[in-house]
Q: 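A single structure is presented below for examination.
Nothing fancy with the numbering, it's 1 onward along the sequence.
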Amino acid sequence: MTQDEPSVQNTLKAVAHLEWLDNLAHIAVAVLFILAAASVLLYSFGLFLLQVVHIAIGIHTAGMSAQHENSFLHISLELLSGLLFAVILLELLRTILTYLIARSIEATLKEFLLVGIISLIRKILLVGAQASLSTEGQHAFVQEAVGTLVSVLAVLLLIGGLILLKRFYERT
């Protein structure tokens, strides 16, 4: 046994402990993602239920007014936003799980690209829905249209990244 062997063994043990701590940290983050997604879903659902009750009371007492209808549509948008945000959180959780299971850069990059695509699609949907409810002028519409166009281009770039990633790893 040479003098370097105990040092190499100690280094390997230290690395194993650090990897264990790294896994533990990733698991803690994954649990926090689950809790965050659950809280967003519960909040969104609770907000939606309260709005439905509020509208039902309003309809019962005075009929469906434009104010109630507009309020309901805005709350519905918040619900949609919350649900899509929860999907993004769950996709980020999937990224962590992929890293822990596969330890593959390809799989991890693929998951991050998918999260980016989902996030941009969420933005496009919400901007479009908010624009349909907006009473702002043409300048705001042009800004939203440009923002949506940039988001669509970004989605196409991310999809292109997924295709390139797949082709690159098929060749290797």
Q: Can you measure from CG (L97) to CD (E91) and round to the nearest 0.5 angstrom?
A: 10.5 Å
Q: Got a second to check how far E78's CD is from L47's CG, nearest 0.5 Å?
A: 5.0 Å
Q: Please name all residues satisfying side-chain hydrogen bond (donor to acceptor under 3.5 Å, both in side chains) with T95, sequence neighbours left out, ordered by chain then number.
A: none
Q: Drop me the distance from E170's CD to L165's CG, to the nearest 0.5 angstrom.
A: 10.0 Å
Q: Could you give the distance from CG (L126) to CZ (F85), rounded to the nearest 0.5 Å?
A: 12.0 Å
Q: With sequence neighbours excluded, give me every salt bridge (charged side-chain N to carboxylate O under 4.0 Å, His left out) pair touching residues 40-50.
A: none
Q: Would you indicate whether Y169, at its atom OH, is surrounded by more than 12 heavy atoms from other residues, nucleotides or ligands within a distance under 6.0 Å?
A: yes
Q: Quick one: which residue pairs count as a salt bridge (charged side-chain N to carboxylate O under 4.0 Å, His left out) with a foot in residues 31-57, not counting sequence neighbours?
A: none
Q: Less than 3.5 Å apart, which donor and acceptor atoms pair up between the side chains of residues 147-162 and the rest of the protein, not counting sequence neighbours?
A:
unit_1, atom_1, unit_2, atom_2, d
T148, OG1, E144, O, 2.8
S151, OG, G147, O, 3.1

Q: Counting only heavy atoms not in R94, do more than 12 sit closer than 6.0 Å to its CZ atom?
A: no
Q: Membership question, hydrophobic clusters at under 4.5 Å side-chain separation (ILVMFWY): are V127 and I124 in the same one?
A: no
Q: Mind listing the side-chain donor-acceptor pairs of residues 105-120 below 3.5 Å, one per line with the distance, residues two or more places apart or on another chain?
A:
unit_1, atom_1, unit_2, atom_2, d
T108, OG1, S104, O, 2.9
S119, OG, V115, O, 2.9

Q: I'd like to know if L89 and L84 are part of one continuous hydrophobic network [Ile/Leu/Val/Met/Phe/Trp/Tyr, side-chain heavy atoms within less than 4.5 Å].
A: no
Q: For residues 19-42, please give each side-chain donor-acceptor pair under 3.5 Å, one per line with the distance, not counting sequence neighbours.
A:
unit_1, atom_1, unit_2, atom_2, d
D22, OD1, H26, ND1, 3.4
D22, OD2, Y99, OH, 3.3
N23, OD1, R103, NH2, 2.2
H26, ND1, D22, O, 2.9
S39, OG, L35, O, 3.3
S39, OG, A36, O, 2.8

